[in-house]
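Report on the structure given below.
Source: prediction; values computed, not measured. All residue numbers refer to positions in the sequence shown, counting from 1.
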Amino acid sequence: MEKQEYEEISLKEALLAKYNDDQFEVTNLAHISFSPKRKAALLKAMDYSKRTVIALDDCGVTCAGPPQEVAELCPNIEELDLGNNNITQWSEVFSIISQLKNLSILNLSGNPLTDDKTEIAHQAAELDLPSKPLPLKQLALNNTGISFDAVYALLDCFTSLEEIYLSLNEYSHIPSLDKQFPKVKRLYLNEHNLTEWTEVKNLGKMFPCMEHLIMTDSSLENILEDDAQNLFPALRVLSLNKTGICSWESIDALRRFPSLKDIRLLGIPLMDEITDDKEKRQHLIARLPNVVKINGTKVGTEEREDAERFFIRCYMDDQNPPKRLQELIEVYGVLDKLVDINLAPKIFAKLSIICEGHSTLTRDVDLRQTTKDFKSYISNELGIPKGKLALFFNDVESPFGMQEMNYVLRPLHGYTMHDGDEIHVFLKGL
């Protein structure tokens with residue numbers, strides 16, 4: 001494929017083009033009437049040396065510019081967003097980073113960077129890294145096509161990195177090296193092509209102190225419990241939303257992660273087997289006693305007990321029950337089955353609609369509709385504008401008489417209507 005050519009735009013050129021457009025294109029504010037506070041804010045905004053955060057995403061940046069140009073313009077940058085630009089050479093990236101001595105967060109996502117670990121190592125040697133460490137802690141390389149070998153080369157250079165974003169890079173394999181990167185605590189690896197847990201295990205080998213692992217929107221099919229204690233000893237947060245996990249054995253394996261407290265499992269095929277959202281959550285709670293937050297919501301003490309009791313009743317007659325069942329029976333004993341009582345509100349009721357001068361109507365009425373919708377229905381039935389109607393509900397078994405239906409958004413089941421009850425219609429102004 002022919003290499004795409006880009007118009008050369010330095011970081012300084014992009015910075016001046018963006019922020020000068022956003023500000024007044026003047027250098028002397030003496031002849032313009034501003035409040036002292038507003039004038040100070042404008043002067044500060046145009047003084048790039050005082051900026052600590054700069055966003056230059058999608059600005060066409062291709063290079064760092066002449067030596068020390070970035071350092072002279074904005075030396076105090078701590079957070080720099082260069083996402084979706086046209087940077088191809090790692091030499092330009094290293095030039096920018098080396099000039100920003102306070103830089104801790106860098107976003108390079110969406111740049112067509114070359115995947116060359118040899119070039120990365122060469123640039124590091126030129127800057128005498130890592131013997132002269134830089135404070136970079138967070139690096140985003142989403143949708144860059146960078147290989148894991150190149151990522152490992154970058155980690156050799158930037159030894160302070162704690163958080164890495166590697167989504168949308170189509171990884172199907174995670175290589176393992178005879179070294180580790182214990183500084184890395186958080187890894188974001190969404191929309192990859194990994195399907196087997198054996199590949200994910202290599203992440204545990206390479207990043208033994210990892211606390212957060214986010215791996216959503218993928219075809220990952222299973223989780224294996226083998227050696228989880230040794231591979232992920234520090235993992236506290238794991239997100240596997242919209243993955244291909246389809247077995248309860250994979251859920252049970254999560255108990256083997258000694259530090260795991262927060263799990264997200266929305267949109268997985270396994271949960272499609274259960275239609276009730278509450279039951280989905282109860283199954284997860286009962287199987288994962290080590291987890292305190294599921295799908296973003298904390299698990300309360302009472303909720304856990306209810307879920308574990310539900311789990312016992314769900315599997316107590318199963319011919320091949322999960323191992324967790326016996327553990328819970330030892331806590332709660334064998335429980336009686338619950339009587340199946342339907343506490344849901346009635347959906348339909350046969351009501352009499354009574355209006356003076358009209359024949360009494362008997363209708364099966366949908367109680368899920370609001371009073372406003374019901375009034376429109378009666379208006380059509382009687383041929384009377386709904387603005388002229390006043391509705392009263394009469395519970396024929398109640399001694400308290402009729403109740404005016406004047407709350408327009410109240411659903412009809414909120415009146416506790418039953419078959420045989422009456423709706424009395426009166427015309428306003430009569």
Side-chain angles (χ1 to χ4, degrees), residues 190 194-198 200-201 204 211-229 231-232 235-344:
N190 301 323
L194 303 172
T195 59
E196 296 296 328
W197 188 255
T198 51
V200 180
K201 285 168 57 176
E211 299 175 359
H212 289 63
L213 177 57
I214 312 301
M215 298 182 66
T216 66
D217 293 279
S218 75
S219 299
L220 184 68
E221 297 174 352
N222 58 3
I223 305 170
L224 304 177
E225 62 181 63
D226 58 319
D227 216 21
Q229 289 178 308
L231 291 175
F232 295 95
L235 189 65
R236 294 189 299 106
V237 179
L238 176 62
S239 179
L240 297 171
N241 289 342
K242 298 182 181 179
T243 53
I245 293 172
C246 55
S247 72
W248 288 114
E249 289 77 14
S250 291
I251 304 303
D252 294 337
L254 294 171
R255 291 184 62 184
R256 307 304 175 198
F257 294 74
S259 301
L260 188 63
K261 300 298 179 186
D262 186 341
I263 182 73
R264 294 180 182 245
L265 292 163
L266 292 171
I268 61 175
L270 178 63
M271 292 291 105
D272 292 341
E273 300 173 4
I274 305 170
T275 56
D276 186 271
D277 287 340
K278 181 179 179 181
E279 289 188 10
K280 291 179 182 181
R281 183 171 172 82
Q282 285 180 316
H283 277 282
L284 293 174
I285 292 172
R287 287 178 179 268
L288 299 172
N290 54 318
V291 172
V292 298
K293 184 183 285 188
I294 293 177
N295 294 333
T297 303
K298 287 186 177 180
V299 179
T301 303
E302 184 176 340
E303 184 186 22
R304 183 173 294 283
E305 181 175 337
D306 289 345
E308 291 174 344
R309 288 178 175 274
F310 159 82
F311 191 81
I312 292 175
R313 293 187 172 100
C314 183
Y315 287 102
M316 60 193 303
D317 295 330
D318 199 300
Q319 295 299 313
N320 186 27
K323 295 178 182 178
R324 179 66 174 150
L325 177 65
Q326 187 57 43
E327 295 176 2
L328 292 176
I329 288 177
E330 291 175 3
V331 176
Y332 299 104
V334 178
L335 305 178
D336 294 331
K337 285 187 174 294
L338 295 177
V339 178
D340 188 12
I341 301 175
N342 185 4
L343 299 178

Side-chain contact test, heavy atoms from C-beta onward, threshold under 4.5 Å: evaluate it for [X] versus [Y] and give yes or no.
X	Y	result
L254	L265	yes
L260	L288	no
D252	R324	no
R236	H212	yes
I251	H283	no
I312	L325	yes
V334	M316	yes
S218	T243	yes

Closest heavy-atom contact between [X] and [Y]?
X	Y	answer
L270	S247	CD2-O, 3.6 Å
I274	K280	O-CE, 2.6 Å
A286	A307	CB-O, 3.8 Å

Set of residues satisfying salt bridge (Lys or Arg N to Asp or Glu O under 4.0 Å) with respect to D217, sequence neighbours excluded: none
When rounded to the nearest 0.5 angstrom, what distance separates [atom1] in [X] from [atom2] in [Y]?
X	Y	atom1	atom2	answer
I268	C246	CD1	SG	9.0 Å
L284	R281	CG	CZ	8.5 Å
L328	R313	CG	CZ	12.0 Å
L240	I263	CG	CD1	5.0 Å
D262	E211	CG	CD	12.5 Å
L194	L220	CG	CG	7.0 Å

Test item: side-chain donor near acceptor, N190 and T216, under 3.5 Å: yes
R309 with D306: basic N within carboxylate O range, under 4.0 Å: no
Ion pair K298/E303, N-O distance below 4.0 Å: no
Residue from T275, D276, D277 passing side chain to side chain contact (heavy atoms under 4.5 Å, CB included) with E279: D276
Stepwise side chain to side chain contact (heavy atoms under 4.5 Å, CB included) check, E221 with E196: CA-CA 6 Å; E221 297 174 352; E196 296 296 328; 4.1 Å; yes
Short side-chain to backbone donor-acceptor contact, S250 and N222, under 3.5 Å: no
R304 side-chain N/O to V299 backbone N/O, donor-acceptor pair under 3.5 Å: no
Derivation and outcome, side chain to side chain contact (heavy atoms under 4.5 Å, CB included), residues L213 and M215: CA-CA 6 Å; L213 177 57; M215 298 182 66; 3.7 Å; yes
Plane angle bin for W197 and F232 - parallel if under 30°, tilted between 30 and 60°, otherwise perpendicular: tilted
